[in-house]
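Shown next, in structure tokens, is the structure this report addresses.
In what follows, every chain begins at residue 1, and chains take the letters A, B, ... in the order their sequences are listed. Side chains are part of it too, since the values below use all heavy atoms of this structure and drop only hydrogens, waters and symmetry mates.
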Amino acid sequence: MAMTSSSTHFAIAAPLLSSLPAEAAPSITQEGVHVRDLENMHAKVAGTLEKLKKQVQADRQMYIKMRVESNREQLKKYTEELAKLNNSPKQLSKGQELEGLESLCLHNEQVLGNLSNTDESGDKDGKSGPDESNLDKLMPIIFGSCLPGAKTAVRPLKLPKVENVPPYTTWIYLDRNQRMTEDQSVVGRRRIYYDSDGNETLIASDSEEEDAGEEDDKEEAKHEFTKGEDSIIWMAVQELGFSPMLLEELAALVGTKHEDIEARYDILLREAEKKVDTRLQEIKVPETCNVVKSLSPEDKQTQPKDLLAAMDSFDNLFCRRCLVFDCRLHGCSQAIVHPSERQQPWSNIEDGIPLPCSKHCCLLILPSDSGRNFVQTDALAGLKVNKRKQDLLKSSQKQQDLSSSQNEDGDDLDTEHKRSRTTSGGEIAPSSYRQGVLDSTSKETVESSQKTTQDRGDRPVDVGSDKLSSKWLCLTRDKHTEGSDKVEGGFPLEADSKELILSKKNNVPAPLSMDSEEETRTNVSARGKGKVEVANNWTMLEMGLYEKGLQIFGKNSCLIAKNLLKGFKSCAEVAQYTLEQEASGDGPDGVRRCTDSLDIDAQNRARMYGGRRKGRVRKLKYTWKSVVHPLIRKRMANGKDQPCRQYTPCSCLFTCGKQCPCLLNGTCCEKYCGCSKSCKNRFRGCHCAKSQCCSRQCPCFAAGRECDPDVCRNCWVGCGDGTLGGPAVRGDSYDCRNMKVMLKQQQRVLLGRSDVAGWGAFLKNPVGKHEYLGEYTGELISHREADKRGKIYDRENSSFLFNLNDQYVLDACRKGDKLKFANHSPNPNCHAKVIMVSGDHRVGIFAKERILAGDEIFYDYRYEADRAPIWAKKQDDPNQKVQDLPTTSGRARKLPEGKPF
Amino acid sequence: MALKAAGPAQATAAKPGGVGMEPVVGSLTAGKKNREYKVTNRLLEGKRPLYAICFNLIDSRFHNVFASAGCNRVTVYQCLTEGGAVAVLHAFIDEDKEEEFYTVSWAVGDNGSPLLACSGSNGVIRIVDCGKGSFLKSFIGHGDSVNELRTQTLKPCLIASASKDESVRLWNVNTGVCILIFAGAGGHRNEVLSVDFHPSDILKIASCGMDNTIKIWSLKEFWSYVEMSFTWSEIPSKFPTKYVQFPLFNALVHSNYVDCTRWLGDFILSKSVDNEIVLWEPLYKEPGITANEGKVDVLQKYPVPDCDIWFIKFSCDFHFNTLIIGNRDGKVLVWEAQTSPPTLIAKLSHSQCKSPIRQTATSYDGSTILCCCEDGCIWRWDLVS
């Protein structure tokens, strides 16, 4: 339908356009025109425009006529078909169906036939009609103004009373909170209610809303030109030439500014030229046309130029917090936070000698020593060495000695080093949960400390630190190789590396992160080059993938080739490329580059998506300023409740300074922040061993947070017996009980008719005190939005708003789960609590006491005293009479439980 | 009943279409008025308002049978040819005195008997068998009142209900299952007032309501469920009812409540409280482009003076030739629906008919017009030949 519409429309517009000469519009400059000429011109312009307008309107009428006509034809065909269809079953069932309504109809006809001869004794119509009070009475069966009524009657059939379900607005189940999409907003939109009591229609608008509307109008002031307007503009210019007067007249006609007309004309001109061009091309060179066509598919298949472009959708659509695409909670185009600390390259080599990954493996092609190096350089350090931890401790002690002896290099630096060292020693465990490997590799520490030194090297810091770091780096390295020697026994590399380390020690200003292995490799590369011939035809994309591979796997060519460059490059090629890179690079090696590339990535991205990000920030600021609810602030100041502040990850490097957004906002830094684990503002998690984290002794619990296996030391959930590398199931009494919202360990909730009002939520199984029942999910909306929606909800006396934090309110009206139907009670058996779960605030409903199976769930909505509806008002609670609350225009909203249990 | 008696709500002028996109507006004076209708009957059902009246156009045996709804009663009548006589065939009364029926629609049972679906303030849909004169079943599910029921003419066992609970539901009257629920992320944001099936494309449904939008829904991806409903033999509540969350098309044609929408071929007739019925064409999005609001081409307008309150519904005859609507003052306008420009065929008024006409019903060929009024009257007009 749409197709035909546009094509027919075009058919009408086409003659207008095609009648125009193909050459560019003549621009007539009118100099020295007389006044009379001017007037004449004016009249001429006006006349022509009027003529054109009439023509366009006539065309439009023709068009509509044609469309309506064609629609009528189609519809007629169809209705006639349907009429036939309707007639056919009649023939079929006529025989059997006679005793039904049909017979009744026939009977009526007969009755009427008999009645027409009787006298006018019946009731007049209207008077005979029953009114609602005596509906059960017999009804006369025939009404007629000119005919007498009949004596025969019909007895009404009673429909048994059926009670409907309690009222509700259709809602969609949500298993996790969602942020409101823009089109769901009611802000700035007119909403009309009818007041069923006052019999009147009201339009919901207040000054604020109108302002918003005006703003919107201003923004979308851009006029959309119709085809008719286009043709008027085009024809008028063709006929009268391009003059300011014409522009003014056109602008008045179309109802827009003359600049717009001018711009539009340019567009039309270009389109017309393009049309002529393509026509010419088609006529002139049909042969080349084919060539062009054959080429074009290839052009279309352009590969993304580099990795950054290829990763665009990943960067913009993938949520790094929820690990899903198109996250409905945190949205698309999130600001990307790069962690200051990276995970160490992953390695799959656990045993001594690596096996070749394929027939193109560098192990087979490159000379054995160097080949092995490519696979093992990182694995070497990653070998499972339990003793190494002890070694490390020793080494770090040594370092400490060393660094203290170097105090003259700068005190502050030294202390920083100390901290990084201690944290790297102490806080290794968390990330291991995800990997399923608990052994904290000493290498990680080395890597991280390396990186800290490197990055410090990037910054303008005094050279002393470089010296220092390189020294202790070498020292640790030294220790390491020793350690590995002890375990693994003779490694062909060992002698080399020791030598090199020694040499490094001697000439201090050597490139600081140069590994011993790399140097061997550079030596080897000369030999290797002769054997494998790799053309240096790496595309930007492949190079980008390689860089990423370095970050993920380290210099393990097998893994890089297998996982990232499959089908592009073989392992040997990757190894060769590494060699070339190192040989050509004047100083920085792979590891160094990979951290560099991280920064470059970030910079590039900032450049690429600068606009987008800027928009975000501005928006956030806006909500920050205007939306923070005065009442919430009050609650904050009282300090009774946990500070419910929306958390947004900061992108600080290493340690957060005073300008850290998290710090300024009053939230803790979380694992999603860019800062390192040593950041002072980080929430450190708990170390609870046996307490199950369900009392205020657990710091997580006390802070209104759920434990996080990534952060807390002893909180995780195991499965299996540990043979697969994962943590084993611990005794039931040891499991952390403070992760239930995250793990969705909730109770089965049933929906039913409440004993109190409307719907109610009921428990299927009995639960004990403090048990987690489920989450109150909904749409995350701003406070501004909530105020607008609340007005409507309060009018209907059913509100599903729940205050979440300073930025968001949960609205479960159209999206939520069954717990939205849990009713209010001043003496409830449950309570609601806002909990921080992995950086997000969520609402959990917890049992306040033992609840039996089938019992209805109640909790205190804790509406502010001045806003509560009558049914939620407290009669004589002194605590609720806090009258210093600002009387705002806000609406009744549920609040979480304030006092901890 | 205060509902639906709402006074005029001022409406902002609809956006002008721009030069070359103007709709053709029918003239109230220039019409040839070549047809004459005469009042032939007036029935008073009671003092309570009548909200719905509907001819049975889906079964050719009963083209002269119609039903009216109001209060807690639904009455089935037969239009007799002679002298405008009307015969009562059945009357159904809900035992619940609070119930107020807002809408009726005809359907066909699996044995071919004429069924009547009716619903109202309670939100329960009642199905009665007019052939046997018996009560069949109730559909419970809507969370609030039902404002309109419509039947799919191609599959007359499918009915759609538009409800105050912001959803449209699709039911199978034979197997008693709720097949689909049209609501959710892209659904209506306020009461749904009207719904209609596309006359030839079985996969399309239009709905409109108090959120000022008209939405076109596609059943394409859900047709298998409709198929499944025909043969469903288990208890209806076990049926895997699906939510249709996103409409195919979302149109903002009016700036106030949209209380009636009907397909006219591939175009849509809809009305708000702006004293006019609008004929417009949805310009479906090209695939790949996702805009919030679809573009519409407003083709024609049928002015209806003094028609600025909501819940006034119009009707068409079987072939969609005439378009008939009553107004706030009890007058009836008969428009030629499918001519351009639209022509006014007749303007009907009677000195005693003063109360708002909530709905009209047009017989198969358009020769009989029925109007149900706020004051509980049914007026019958017949074409003078």
Can you name the one residue among B/Asn122, B/Ile125, B/Asp96, B/Asp144 that meets side-chain contact (heavy atoms from CB on, under 4.5 Å) with A/Asn164?
-> B/Asn122
From [X] atom [atom1] to [Y] atom [atom2], the distance as rounded to the nearest 0.5 Å:
X        : Y        : atom1 : atom2 : result
A/Glu779 : A/Arg814 : CD    : CZ    : 7.5 Å
B/Ser134 : B/His90  : OG    : NE2   : 8.5 Å
A/Asp230 : A/Arg264 : CG    : CZ    : 4.0 Å
B/Asn212 : B/Tyr257 : CG    : OH    : 8.5 Å
B/Glu99  : B/Ser119 : CD    : OG    : 6.5 Å

So what's closer than 4.5 Å to chain A heavy atoms on [X]: side chain, backbone, both or neither?
X        : result
B/Asn321 : side chain
B/Val74  : neither
B/Val298 : backbone
B/Gln300 : side chain
B/Leu264 : both
B/Phe92  : both
B/Tyr243 : side chain
B/Ser200 : both

Identify which of A/Pro166, A/Pro167, A/Pro160 forms the greatest number of heavy-atom pairs closer than 4.5 Å to chain B.
-> A/Pro160
So which of A/Leu82, A/Thr79, A/Ile232 has the biggest tally of heavy-atom pairs under 4.5 Å with chain B?
-> A/Thr79
Under 4.5 Å heavy-atom distance to chain B, tell me which part of [X] shows up: side chain, backbone, both or neither.
X        : answer
A/Ile172 : side chain
A/Leu157 : both
A/Trp171 : backbone
A/Lys65  : both

Non-neighbouring partners of A/Lys53 that pass salt bridge (Lys or Arg N to Asp or Glu O under 4.0 Å), sequence neighbours left out | none
Mind checking what makes side chain to side chain donor-acceptor pair (under 3.5 Å) contact with B/Asp165, not counting sequence neighbours?
->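 So B/Asp165 forms a side chain to side chain donor-acceptor pair (under 3.5 Å) with A/Thr170, B/His142, B/Ser163, B/Ser167.
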Heavy-atom side-chain contact between B/Ser340 and A/Glu69 under 4.5 Å =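 No, their side chains stay 4.5 Å or more apart.
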